[in-house]
Amino acid sequence: AKCEGATGLPSGADPRTLAFWMKLDANSNDATGIVSYGDNAAGQSFSAALRGGKRLTFEGWGPTLSSNLDMDDPSNSKVGVWAHVALVYSNPDCKFYLDGVASDTLNCGALNTPAIATFALGSEVDGNEGFTGLLSGIQIYSRALSAAEVQALHAER
């Protein structure tokens, strides 16, 4: 689903957090947008995606940065089970959390997300690369949540 003209989302390079629950379908591929908003221009998208072996990835239409959190890790696969994901941005750094566990810190650069944006569920802002699975409890905060706050969100379910 895609909504153009969304307003009230964190914009520019302001801190923000995107949190949601997801259940990957066994047929999910590793080139998939999950939840995103912004525009499809360099630095104007704030997106959680899967890339390179189903690693959680920040997609900003340049840069694209993969975390060290693999949703299909044989020792702890998240395929077919509900998993909590959070992407926390505080210029220039971002960090993923998977079930309350933090990734390495990624340098996402200074974003320039537009104040009037496209909001997309199950894809990137251009509507490509459809996600196969379920999404629930999508939340966007206009601040960078702390590790304790992200862990509390995970514990709520």
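Sequence positions, counted from 1, serve as the residue numbers for this chain.
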Closest non-hydrogen atom pair, [X] against [Y]:
X: P15; Y: P10; answer: O-CB, 4.1 Å
X: N107; Y: D93; answer: CA-OD1, 4.0 Å
X: H84; Y: V150; answer: CE1-O, 4.2 Å
X: S36; Y: S47; answer: CB-OG, 2.7 Å
X: Q44; Y: N112; answer: CG-O, 3.3 Å
X: S67; Y: S103; answer: CB-CB, 3.8 Å

side-chain hydrogen bond (donor to acceptor under 3.5 Å, both in side chains) for E4 and T118? Distances and angles first, verdict last. CA-CA 4 Å; E4 295 184 19; T118 298; 4.9 Å; no

Side-chain heavy atoms nearer than 4.5 Å, only ILVMFWY residues, links allowed to pass through others: does that put V125 and L9 together? no

When you group the ILVMFWY residues by side-chain heavy-atom contacts below 4.5 Å and let the links chain together, are L135 and Y141 in the same group?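 No, separate clusters.
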
Among D72, V81, L50, find the one that has a side-chain contact (heavy atoms from CB on, under 4.5 Å) with L24.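 Only one of D72, V81, L50 forms a side-chain contact (heavy atoms from CB on, under 4.5 Å) with L24, namely L50.
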
With Y97, the side-chain contact (heavy atoms from CB on, under 4.5 Å) member among V85, L153, V88: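 Among V85, L153, V88, the one meeting side-chain contact (heavy atoms from CB on, under 4.5 Å) with Y97 is V88.
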
Can you list everything that forms a side-chain hydrogen bond (donor to acceptor under 3.5 Å, both in side chains) with K54? Sequence neighbours excluded, please.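 In terms of side-chain hydrogen bond (donor to acceptor under 3.5 Å, both in side chains), with neighbours along the sequence ignored, K54 is linked to no residue.
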
N68: which residues meet the side-chain hydrogen bond (donor to acceptor under 3.5 Å, both in side chains) condition with it, sequence neighbours left out? none

Using a 4.5 Å cut-off on heavy atoms from C-beta on, say whether the side chain of [Y] contacts that of [X].
X: W21; Y: Q139; result: no
X: E149; Y: T17; result: no
X: T132; Y: T32; result: no
X: L87; Y: C94; result: yes
X: F131; Y: M22; result: yes

Would you find more than 12 non-hydrogen atoms of other residues, nucleotides or ligands less than 6.0 Å from I138 atom CD1?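 Counting other residues, nucleotides and ligands, CD1 of I138 exceeds 12 neighbours.
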
Is the backbone N or O of A41 less than 3.5 Å from a side-chain atom of D39, with the two atoms forming a donor-acceptor pair by type?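 Answer holds: no.
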
Short side-chain to backbone donor-acceptor contact, R51 and A49, under 3.5 Å: no

Taking atom [atom1] of [X] and atom [atom2] of [Y], what is their separation to the nearest 0.5 Å?
X: L145; Y: Q151; atom1: CG; atom2: CD; answer: 11.5 Å
X: L56; Y: F96; atom1: CG; atom2: CZ; answer: 5.0 Å
X: S66; Y: D104; atom1: OG; atom2: CG; answer: 9.5 Å
X: I140; Y: Y37; atom1: CD1; atom2: OH; answer: 6.0 Å
X: D126; Y: E59; atom1: CG; atom2: CD; answer: 9.0 Å
X: C108; Y: L65; atom1: SG; atom2: CG; answer: 5.0 Å

Suppose the criterion is disulfide (SG to SG under 2.5 Å): which pairs have a residue in residues 114-144, not counting sequence neighbours?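 Counting only pairs at least two positions apart or across chains, no disulfide (SG to SG under 2.5 Å) contact touches residues 114-144.
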
Y89 and F46 aromatic ring geometry - parallel, tilted or perpendicular at 30°/60° bounds: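 If you compare the ring of F46 with that of Y89, the planes turn out perpendicular.
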
Determine whether L111 and F58 satisfy the following criterion, side-chain contact (heavy atoms from CB on, under 4.5 Å), listing intermediate values before the conclusion. CA-CA 12 Å; L111 296 178; F58 166 77; 3.6 Å; yes

